[in-house]
Amino acid sequence: MLMVVVAAVAALQAPGPVTPSLLAGAKIALDERLLDYPSARFRDVRGDDKVLCGFVNARNRMGAYTGWARFGYVTFGTKPSLYIDSADDEGGDIMLDGFCGDDGLRYRGPDYSDRMTHR
């Protein structure tokens with residue numbers, strides 16, 4: 001019973017700051033998903049110790065930038081997940097809405113955009 005109480009209290013604690021390992025995981029996930037990660041641009045990248053949200057502008061197969069898209073990298077559960085808004089989904093991504101807010105700006109605090117550039 002004591003273990004359940006300790007786990008519940010730990011879950012209710014305020015989230016911590018963005019960690020270097022969260023940033024590194026997000027960079028790896030974005031590198032695997034984007035066609036040309038080294039040329040990607042980032043803005044408004046913020047979060048906590050479990051969620052990183054922001055906007056990415058990446059190149060497509062023709063070499064042109066596609067425009068700013070909201071992204072979220074989440075480390076809840078057993079496997080981290082990366083969500084990126086798709087241009088053909090006019091309703092928005094429900095997971096991104098939940099983690100990052102429908103405007104992508106749920107988190108305040110330091111901006112980590114400059115730390116998202118290619119390794």
Side-chain angles (χ1 to χ4, degrees):
M1 179 68 169
L2 180 60
M3 295 297 281
V4 172
V5 172
V6 170
V9 169
L12 294 175
Q13 290 180 345
V18 171
T19 63
S21 64
L22 181 73
L23 288 168
K27 288 170 71 171
I28 290 167
L30 285 159
D31 192 18
E32 291 173 356
R33 177 83 66 86
L34 299 176
L35 294 174
D36 187 8
Y37 180 78
S39 69
R41 298 174 183 168
F42 295 90
R43 71 172 191 195
D44 297 322
V45 178
R46 294 179 167 85
D48 60 28
D49 60 344
K50 300 271 188 245
V51 179
L52 193 66
C53 298
F55 296 86
V56 60
N57 190 359
R59 293 181 190 252
N60 61 18
R61 294 188 190 285
M62 299 296 290
Y65 282 96
T66 59
W68 292 103
R70 184 174 53 145
F71 79 90
Y73 179 73
V74 182
T75 60
F76 291 113
T78 58
K79 182 180 176 191
S81 299
L82 174 66
Y83 304 98
I84 300 177
D85 258 345
S86 65
D88 57 354
D89 182 15
E90 292 182 24
D93 187 300
I94 192 166
M95 297 302 283
L96 277 170
D97 290 351
F99 289 119
C100 300
D102 60 356
D103 62 356
L105 300 172
R106 170 166 288 153
Y107 292 94
R108 302 290 180 232
D111 186 349
Y112 295 93
S113 299
D114 60 332
R115 301 209 27 214
M116 295 302 297
T117 56
H118 186 64
R119 307 176 216 155

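Computed from heavy atoms alone, side chains included, the values below leave out hydrogens, waters and symmetry copies. The first residue in the sequence is number 1, and the count goes up from there.
- When all heavy atoms of Ala40 and Val56 are compared, the pair lying nearest together is CB-CG2, 4.0 Å.
- Follow the hydrophobic side-chain contacts under 4.5 Å out from Tyr73 and you never reach Trp68; the two are in separate clusters.
- Taking every heavy atom of both residues into account, Ala69 and Asp85 meet most closely at CB-O, 4.0 Å.
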Exercise for the section: For the pair Arg46 and Asp111, evaluate side-chain contact (heavy atoms from CB on, under 4.5 Å) and give the outcome as yes or no after the intermediate values. Expected result: CA-CA 5 Å; Arg46 294 179 167 85; Asp111 186 349; 3.7 Å; yes

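- Taking all atoms of both residues into account, the shortest heavy-atom contact from Gly104 to Cys53 is O-CB, 4.3 Å.
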Practice task
Take Phe71 and Asp93, measure what side-chain contact (heavy atoms from CB on, under 4.5 Å) needs, and give me the verdict at the end.
Solution key: CA-CA 10 Å; Phe71 79 90; Asp93 187 300; over 6 Å; no

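- Note: Asp48 CG to Tyr107 OH = 4.0 Å, rounded to the nearest 0.5 Å.
- Each of Val74, Val45, Thr75 was compared with Leu52 under the side-chain contact (heavy atoms from CB on, under 4.5 Å) criterion, and only Val45 meets it.
- The CG atom of Asp31 sits 9.5 Å away from atom CG of Asp36, with the distance rounded to the nearest 0.5 Å.
- Among all heavy-atom pairs drawn from Asp103 and Phe55, the shortest one is O-CZ, 3.2 Å.
- No side-chain donor-acceptor contact under 3.5 Å links Arg59 to the backbone of Pro38.
- Scanning both residues, Met116 and Phe42, for their nearest heavy atoms gives O-CE1, 3.4 Å.
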Handout entry: Steps toward side-chain contact (heavy atoms from CB on, under 4.5 Å) verdict (Asn57, Thr66)
Key = CA-CA 6 Å; Asn57 190 359; Thr66 59; 4.1 Å; yes

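- Atoms NZ and CG, on Lys50 and Leu22 in that order, are 9.0 Å from each other to the nearest 0.5 Å.
- The pair Arg70-Asp97 meets the salt-bridge criterion, with a side-chain N (NZ, NE, NH1 or NH2) lying under 4.0 Å from an Asp/Glu carboxylate O.
- Put simply, OG1 on Thr117 and OH on Tyr37 are 6.5 Å apart, with the number rounded to the nearest 0.5 Å.
- Expressed to the nearest 0.5 Å, how far OH of Tyr65 lies from CZ of Arg41 amounts to 4.0 Å.
- Separation of atoms CG (Leu30) and CG (Leu82) is listed at 5.0 Å; rounding is to 0.5 Å.
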